[in-house]
Amino acid sequence: MELVQTKYRWIVVIPIVLPLSLLYNFYLKIRNKFVFLMVSSPKRHAQKVAAVAAQMKKSNAKMCTSRSVYDSMSIFHAKYKETLKKIDLSNFIDILQVDTVKRTVRVEPLVTCGQLTHALLPLGWTAAVLPELDDLTVGGLIMGFGIESSSHKYGLFQHICESYEIILPGGEVVVCSKTENPDLFYAIPWSHGTIGFLLSAEIQIVPAKKYACITYEPCTTRQQMVKRFEEASRDTDYEFVECLAYGPEKGVVMTGVFSDIPTNPSSVHNLGAWYGPWFYKHVESFFTKGKATEFIPLRDYYHRHTKSIFWNLEDIIPFGNNILFRIFLGWLLPPKIAFLKMTTTEKLHELHVKTHFIEDFLVPVKKLNDTLDMLDEMVGFYPLWLCPCKIYKTPFKGLINPGKGDDLYVDVGIYGMVPKARANPQEFAKNYLDLHHTVEKWIRNIGGYQALYALTHQSKKEFEEMFDHTLYEEVRKKYNCDSIFPQLYQKVSREGRK
Ligand SMILES: Cc1cc2nc3c(=O)[nH]c(=O)nc-3n(C[C@H](O)[C@H](O)[C@H](O)COP(=O)(O)OP(=O)(O)OC[C@H]3O[C@@H](n4cnc5c(N)ncnc54)[C@H](O)[C@@H]3O)c2cc1C
């Protein structure tokens, strides 16, 4: 049975999860279009806020959102949901206003990245940072973390936010921005709903064009890859920079700009076509093709890793990138993460957590080379996603800050089964904690950060060394959060996750 659940999981996924995902995505698409065109959302927003305030005023118990653990992108189960009072924000799904003069879009927290591209691109605009997977939500990207290949220019998702509307303990609604309640504004990102609930956010938008013109540069030595990647990351003339490392010594650096007209029509690549290769496989092909440039329709570019959930789908459907699968069943992809989780048994989940690394680490760019060495030795999984990002200095120091030096960081994304675990997963699972501790310690010591959609194995003291809690604690005290919201550590460590 275990073998069917792990090696042959596709037997369940192909006939059940994929059709369900397709139908559900279709329903959401129609629904969102209708809401955006027909319904006056701003008016209903006030009613929704009043309903949340009423729920909060009725109770003195500790609270969290009622969002199902299946809907969250994190692979971990939120244990804390079992004991906390759940506040229903499930109807906060609307784009409230696009203001092209102010260059902002105001959205409710459950608006997804897929929804944003569908709504904004036809208007000729895009969010300055538009994280990759369709199902990521604005609330999760602010309260957790969000990044994309434009983050070398604009910073993390939190850095493109102009203001937040927050409901605090007791039901008081406040707006915060760089100038209004700035302490709250800078304390919110990464706080995971432990200061207040997000009701809406105002996000910067920038003019968009029809295509992303992407240049692929294969690098066959580590030195060449790291050098070219850093050079490109510092060049803000590029709209997009990322790198996929396929081994300790090789990777493809990608740089891109917006473009309206392809200089050469034959270089248009309709990446979103159902029969097309998975993006990371396509990128790998440039080791044989050599350096090249192509024009990708902008929405396809933004969601380039969605179809294969980066490279996670290969574990579930090993033949998914085969041309026959793509032609006959490729149109069923991608699977909804929620449905994948629903079809994961408790036992499989436990084994998965112990044998996989699904983590993003933000490391100072100057430490990238050392980080790659460390991950190669400790984990040895490829591909790795390398995405540059600015972590800006802010007037109030939030949970994450640049160190004393450079504010350019790199997100090293590692998503897959540890190769050493493949031979004997059960045996490997016995000692998995040591590995995580060692990697986390290493990241902490170089002034890096662990993305908190993963379960942190650090002790509370170590965690507070990594994340500056000074402002966070001040703000929690100011708004009497202690009795209403759990501590951040309680949510993201073993105390709150499994
Ligand atoms: C396979 C995989 C791929 C990923 N790829 C990317 C990527 O390409 N780019 C990227 O930026 N990130 C990526 N992530 C990480 C992702 O950014 C985080 O998981 C992020 O937190 C968003 O997740 P979510 O929308 O599911 O939010 P959730 O998991 O639902 O929420 C995250 C946290 O925010 C809190 N929260 C959410 N809404 C509210 C609210 N309204 N009020 C108060 N608190 C709230 C939740 O309680 C929770 O603690 C990936 C994660 C995985 C597992």
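Residue numbers count from 1 along this sequence. Note that ligands are numbered from 1 as they come in the structure, with each ligand's atoms numbered from 1 the same way.
Residues Thr65 and Lys81 have side chains that bring a donor and an acceptor to within less than 3.5 angstrom of each other. Between Gln458 and Thr456, the side chains place a donor N or O and an acceptor N or O closer than 3.5 Å (distance only, hydrogens not considered). Asp360 and Tyr415 are linked by a side-chain donor-acceptor pair at a separation below 3.5 angstrom, with hydrogens and angles left out of the test. Side-chain atoms of Glu165 and Ser200 include a donor-acceptor pair closer than 3.5 Å. Looking only at atom types and distance, the side chain of His303 has no donor-acceptor partner in the side chain of Glu132 under 3.5 Å away. Between the side chains of Tyr392 and Asn401, no donor-acceptor pair of N or O atoms lies under 3.5 Å. For the 3.5 Å distance criterion, the side chains of Glu148 and Tyr302 fail to qualify, holding no donor opposite an acceptor. Under 3.5 Å, the side chains of Tyr453 and Ser72 contain no donor-acceptor pair of N or O atoms. In this structure, a donor-acceptor pair under 3.5 Å is absent between the side chains of Ser150 and Glu239. Side-chain polar atoms of Arg304 and His282 form no donor-acceptor pair below 3.5 angstrom. Under 3.5 Å, the side chains of Tyr280 and Glu314 contain a donor-acceptor pair of N or O atoms.
Annotation: atom 41 (N) of ligand 1 to nearest protein heavy atom, Leu198 O, 3.1 Å. With respect to atom 7 (C) of ligand 1, the closest heavy atom belonging to the protein is Leu136 CD1, 3.8 Å. What sits closest to atom 31 (O) of ligand 1 on the protein, heavy atoms only, is Gly140 CA, 3.6 Å. The nearest protein atom to atom 48 (C) of ligand 1, hydrogens excluded, is given as His192 ND1, 3.6 Å; this is a heavy-atom distance. For atom 8 (O) of ligand 1, the closest non-hydrogen atom of the protein is Glu132 CB, 3.2 Å. The closest protein non-hydrogen atom to atom 15 (C) of ligand 1 is Tyr453 CD2, 3.4 Å. When hydrogens are left out, the protein atom nearest atom 5 (N) of ligand 1 is Phe310 CE1, 3.6 Å; that is the closest non-hydrogen contact. Among protein heavy atoms, atom 53 (C) of ligand 1 sits closest to Met73 O, 3.2 Å.
Residue Gly196 approaches ligand 1 through these ligand atoms, each under 4.0 Å from one of its heavy atoms: 43 (C). Atoms of ligand 1 found under 4.0 Å from any heavy atom of Gly146, numbered from 1 in the order shown, are 11 (O). Within ligand 1, counting atoms from 1 as listed, the ones closer than 4.0 Å to a heavy atom of Gly193 are 43 (C), 44 (N). Counting the atoms of ligand 1 from 1 in the order shown, those under 4.0 Å from a heavy atom of Gly144 are 21 (O). Of all atoms in ligand 1, listed by their number and element, those nearer than 4.0 Å to a heavy atom of Leu133 are 3 (C), 4 (C), 5 (N).
By the 4.0 Å heavy-atom criterion, Tyr415 is excluded from the residues contacting ligand 1. Contact analysis leaves Ile75 out of contact with ligand 1, as no non-hydrogen atom separation drops below 4.0 angstrom. Ligand 1 does not have Leu89 within reach: every non-hydrogen atom of the residue lies 4.0 Å or more from it. Contact between Phe92 and ligand 1 is absent, with no heavy atom of the residue lying under 4.0 Å from the ligand. Between Ala78 and ligand 1 there is no heavy-atom distance shorter than 4.0 Å.
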**Criterion side-chain contact (heavy atoms from CB on, under 4.5 Å) on Ser191 and Tyr472, from CA distance to verdict** = CA-CA 8 Å; Ser191 67; Tyr472 172 77; 4.0 Å; yes
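The residue from Lys81, Met143, Lys491 that puts a heavy atom closest to atom 47 (O) of ligand 1 is Lys491. The closest heavy-atom contact to atom 25 (O) of ligand 1, among the options Leu110, Thr137, Asp411, comes from Thr137.
In this structure, Lys153 fails the cation-pi test against Tyr238, since its NZ or CZ atom is not both closer than 6.0 Å to the six-membered ring centre and inside 45 degrees of the ring normal.
Using a cut-off of 4.0 Å between Lys/Arg side-chain N and Asp/Glu carboxylate O, Arg422 and Asp315 are scored as salt-bridged.
At a heavy-atom distance under 4.0 Å, only side-chain atoms of Arg67, from C-beta outward, approach ligand 1.
At a 3.5 angstrom cut-off on N or O pairs, Pro109 does not count as close to ligand 1. Remark: ligand 1 and Ser72 share an N or O pair separated by less than 3.5 Å (distance only, no angle test).
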